[in-house]
Amino acid sequence: MSQSPAKIVLHIVYSTKNREPVLTKNVRSDLYGYTIGVLDSIDCVTLAINGTEDHVHALVLMSRTISPAKMVEDMKRGYSRWLKERNEISKHFAWQGGYGAFSVSESQVSKVIEYVNGQEEHHRLISFQDELRLMLKKHRIEFDERYLWS
């Protein structure tokens with residue numbers, strides 16, 4: 001087989017360090033636009049991106065030539081540098097060290113897009129920490145609470 005066809009859709013979730021609520025609406029608007037540009041530059045397609053003051057959700061059609069870890073690193077690093085250069089946020093701003101990555105089947109993409117787009121309303125009912133715990137359990141991912149929030 002000379003081709004390498006692939007369709008990998010990931011739901012990525014990551015938060016600010018210590019879940020600091022620093023992503024104001026204005027900052028988030030810039031963040032999403034910037035992140036879409038970063039993903040475009042590495043041949044990934046943003047299907048949805050949204051979040052709240054302390055975390056981001058992105059549904060991404062992955063390039064078959066990049067790992068999830070490298071993609072998230074590019075997403076977080078570039079935006080942090082850009083924000084600090086513009087003095088939009090504290091020079092001490094940082095993202096949480098880790099991230100969540102969840103595979104999404106084609107049949108569920110529209111539901112996950114709706115979920116990502118409804119983040120502000122969703123988080124009136126549930127905290128980010130409880131949301132992430134539920135996602136990990138739903139996907140049967142084992143985790144150690146001691147290391148989940150660093």
Are [X] and [Y] connected, step by step, through hydrophobic side chains (Ile, Leu, Val, Met, Phe, Trp, Tyr) whose heavy atoms are closer than 4.5 Å?
X: Ile126; Y: Leu136; answer: no
X: Phe143; Y: Met135; answer: yes
X: Ile42; Y: Trp95; answer: yes

Quick check: closest heavy atoms across [X] and [Y], and the distance to 0.1 Å?
X: Ser63; Y: Cys44; result: N-SG, 3.4 Å
X: Tyr32; Y: Thr52; result: OH-N, 4.4 Å
X: Glu145; Y: Arg133; result: OE2-NH2, 2.8 Å
X: Lys76; Y: Gly98; result: NZ-O, 3.1 Å

Counting C-beta onward and ignoring hydrogens, is there a side-chain heavy-atom pair between [X] and [Y] closer than 4.5 Å?
X: Tyr14; Y: Met75; result: yes
X: Thr46; Y: Thr35; result: no
X: Asp30; Y: Asn26; result: no
X: His55; Y: Leu132; result: no
X: Ile141; Y: Phe102; result: yes
X: Lys25; Y: Glu120; result: yes
X: His57; Y: His122; result: no
X: Val9; Y: Val112; result: no

Once you measure the plane-to-plane angle for Phe128 and His123, does it fall in the parallel (<30°), tilted (30-60°) or perpendicular (>60°) bin? tilted
Can you measure from [atom1] ([X]) to [atom2] ([Y]) and round to the nearest 0.5 angstrom?
X: Gln119; Y: Ile49; atom1: CD; atom2: CD1; result: 11.0 Å
X: Met62; Y: Asp43; atom1: CE; atom2: CG; result: 11.0 Å
X: Tyr115; Y: Asn50; atom1: OH; atom2: CG; result: 11.0 Å
X: Arg64; Y: Leu61; atom1: CZ; atom2: CG; result: 12.5 Å
X: Ile8; Y: Ile66; atom1: CD1; atom2: CD1; result: 11.5 Å
X: Glu53; Y: Arg28; atom1: CD; atom2: CZ; result: 5.0 Å

Among side-chain atoms of His11 and Gln108, is any donor-acceptor pair under 3.5 angstrom? no
Donor-acceptor contact below 3.5 Å, side chain Thr16 vs main chain Glu20: yes
Please answer whether the main-chain N or O of Ser15 pairs with a side-chain N or O of Asp54 as donor and acceptor at a distance below 3.5 Å. no
Hits for side chain to side chain donor-acceptor pair (under 3.5 Å) against Asp74, two or more places apart or cross-chain, chain-then-number order -> Lys70, Arg77
Is there a side-chain contact (heavy atoms from CB on, under 4.5 Å) between Leu23 and Val56 once you walk through the steps? CA-CA 9 Å; Leu23 302 175; Val56 175; 4.2 Å; yes
